[in-house]
Amino acid sequence: MKISAVIITYNEERNIERCLQSLVGVADEIVVVDSLSTDSTAAICRKYNVAFIEQKFLGYIEQKNFAADKATHEYVLSLDADELLSPELQNWLLQEKQAAQPADAYKFNRLNNYCGQWIKHGAYYPDRKLRLWKNGIGKWGGENPHDQFIPTTDVPTKIIALPILHYSFATRQEHVQQMQKFSSIAANTMQKKGKKANALRPWLSAIWSFINGYIIKMGWLDGANGLFIAITNARYTYWKYAKLRALNQNAQ
């Protein structure tokens with residue numbers, strides 16, 4: 001098995017080096033597609049043996065498909081710039097590359113670092129993602145900004161309980177700001193697809209988001225950060241549907 005690692009970036013000088021370092025010796029090719037960064041992302045990437053491609057941002061799904069199409073090897077490994085392979089996952093991948101019959105696709109747990117704390121409950125864990133697949137078996141899909149890789153046919157997928165490490169937010173303010181941004185993107189995406197939301201949808205969806213993340217998935221075990229994550233995710237859900245409702249009303 002030969003692996004092409006693909007990453008999309010925009011102003012990721014805080015994160016990109018540890019991501020690239022985790023791929024050295026594991027990936028046979030590293031492709032970085034950068035959305036015209038204005039910080040030192042490009043300079044950091046060029047310290048490594050990467051194919052560095054500049055491409056104006058097309059949308060999360062579209063940009064990841066553009067990057068995946070640049071992969072030249074048999075398998076594609078997709079990471080976000082604020083992610084890295086854990087040492088355990090690096091060792092496992094090195095062994096799996098020698099397997100006689102590797103799987104067509106692999107899902108990994110994702111362990112999120114939130115304001116310096118590893119979050120092990122709630123909506124943030126195990127946060128399982130399909131991130132390694134045989135080149136050509138599918139495409140990125142979902143609804144922006146929440147992308148997911150979707151195989152075009154039913155393929156055998158192996159679940160590996162070893163973590164991709166994700167440095168999600170350094171501060172709570174960053175989390176709130178991103179949820180505000182993402183809720184606008186999500187509302188616009190849903191509106192373009194003809195989706196509707198009545199007056200109750202924002203409230204009911206937000207309440208369910210909180211109950212699911214904080215109580216059912218035991219986010220409370222992560223203490224104050226677990227509570228803040230559950231509240232902020234609920235706020236995101238409320239904003240998303242409230243903005244969708246406003247967009248539909250304005251379009252009438």
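Computed from a predicted model, the values in this text were never measured in an experiment. FYI, side chains are in, hydrogens and waters are out, and symmetry mates aren't considered; it's all heavy atoms of this structure.
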Could you work out the complete set of other residues in the hydrophobic cluster of [X], with links drawn between I, L, V, M, F, W and Y side chains under 4.5 Å apart?
X: Tyr238; answer: Phe57, Tyr60, Tyr114, Ile119, Tyr124, Phe169, Val176, Met179, Phe182, Ile185, Trp203, Phe228, Ile229, Tyr236, Trp239
X: Leu244; answer: Met190, Tyr241
X: Leu204; answer: Leu200

- Query: Can you tell which of Asn15, Asp80, Asn112 makes a side chain to side chain donor-acceptor pair (under 3.5 Å) with His166?
  - Reply: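 With His166 as partner, side chain to side chain donor-acceptor pair (under 3.5 Å) holds for just one option, Asn112.
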- Item | Heavy atoms from other residues, nucleotides or ligands near NZ of Lys243 exceed 12 (cutoff 6.0 Å) |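 Check passes, neighbour count above 12.
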- Message: With a 6.0 Å cut-off (strictly less than), is the heavy-atom count around CG of Asn49, excluding the residue itself, greater than 12?
- Response: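 Incorrect, the count does not exceed 12.
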- Item | Summary of ring-ring contact (aromatic ring centres under 6.0 Å, His included) pairs that have at least one residue in residues 65-91, sequence neighbours excluded |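 Those involving residues 65-91 do not exist here.
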- Message: Please list all pairs meeting ring-ring contact (aromatic ring centres under 6.0 Å, His included) that have one or both residues in residues 23-44, counting only residues at least two apart or in different chains.
- Response: none
Quick check: does any side chain N or O of [X] sit under 3.5 Å from a backbone N or O of [Y], one acting as donor and the other as acceptor?
X: Glu83; Y: Leu79; value: no
X: Thr237; Y: Ser205; value: no
X: Asp222; Y: His121; value: yes
X: Asn248; Y: Lys195; value: yes

- Message: Could you tell me if Lys139 and Thr152 have a donor-acceptor pair between their side chains, going purely by distance under 3.5 Å?
- Response: no
- For Glu13 and Ser40, test the side chains for any donor-to-acceptor distance below 3.5 angstrom and give the result as yes or no. yes
- Query: Taking atom CG of Leu85 and atom CH2 of Trp92, what is their separation to the nearest 0.5 Å?
  - Reply: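 Atom-to-atom, Leu85:CG and Trp92:CH2 are 10.5 Å apart.
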Side-chain donor-acceptor pairs of residues 29-38 under 3.5 Å, sequence neighbours excluded:
{"from": "Glu29", "atom 1": "OE1", "to": "Ser4", "atom 2": "OG", "distance (Å)": "2.4"}
{"from": "Glu29", "atom 1": "OE1", "to": "Thr72", "atom 2": "N", "distance (Å)": "3.1"}
{"from": "Glu29", "atom 1": "OE1", "to": "Thr72", "atom 2": "OG1", "distance (Å)": "3.1"}
{"from": "Glu29", "atom 1": "OE2", "to": "Thr72", "atom 2": "OG1", "distance (Å)": "3.1"}
{"from": "Asp34", "atom 1": "OD1", "to": "Thr9", "atom 2": "OG1", "distance (Å)": "2.6"}
{"from": "Asp34", "atom 1": "OD1", "to": "Ser37", "atom 2": "OG", "distance (Å)": "2.6"}
{"from": "Asp34", "atom 1": "OD2", "to": "Leu36", "atom 2": "N", "distance (Å)": "3.2"}
{"from": "Asp34", "atom 1": "OD2", "to": "Ser37", "atom 2": "N", "distance (Å)": "2.7"}
{"from": "Asp34", "atom 1": "OD2", "to": "Ser37", "atom 2": "OG", "distance (Å)": "3.3"}
{"from": "Ser35", "atom 1": "OG", "to": "Gln63", "atom 2": "NE2", "distance (Å)": "3.1"}
{"from": "Ser37", "atom 1": "OG", "to": "Asn11", "atom 2": "N", "distance (Å)": "2.7"}
{"from": "Thr38", "atom 1": "OG1", "to": "Asn11", "atom 2": "OD1", "distance (Å)": "3.4"}
{"from": "Thr38", "atom 1": "OG1", "to": "Asn11", "atom 2": "ND2", "distance (Å)": "3.3"}

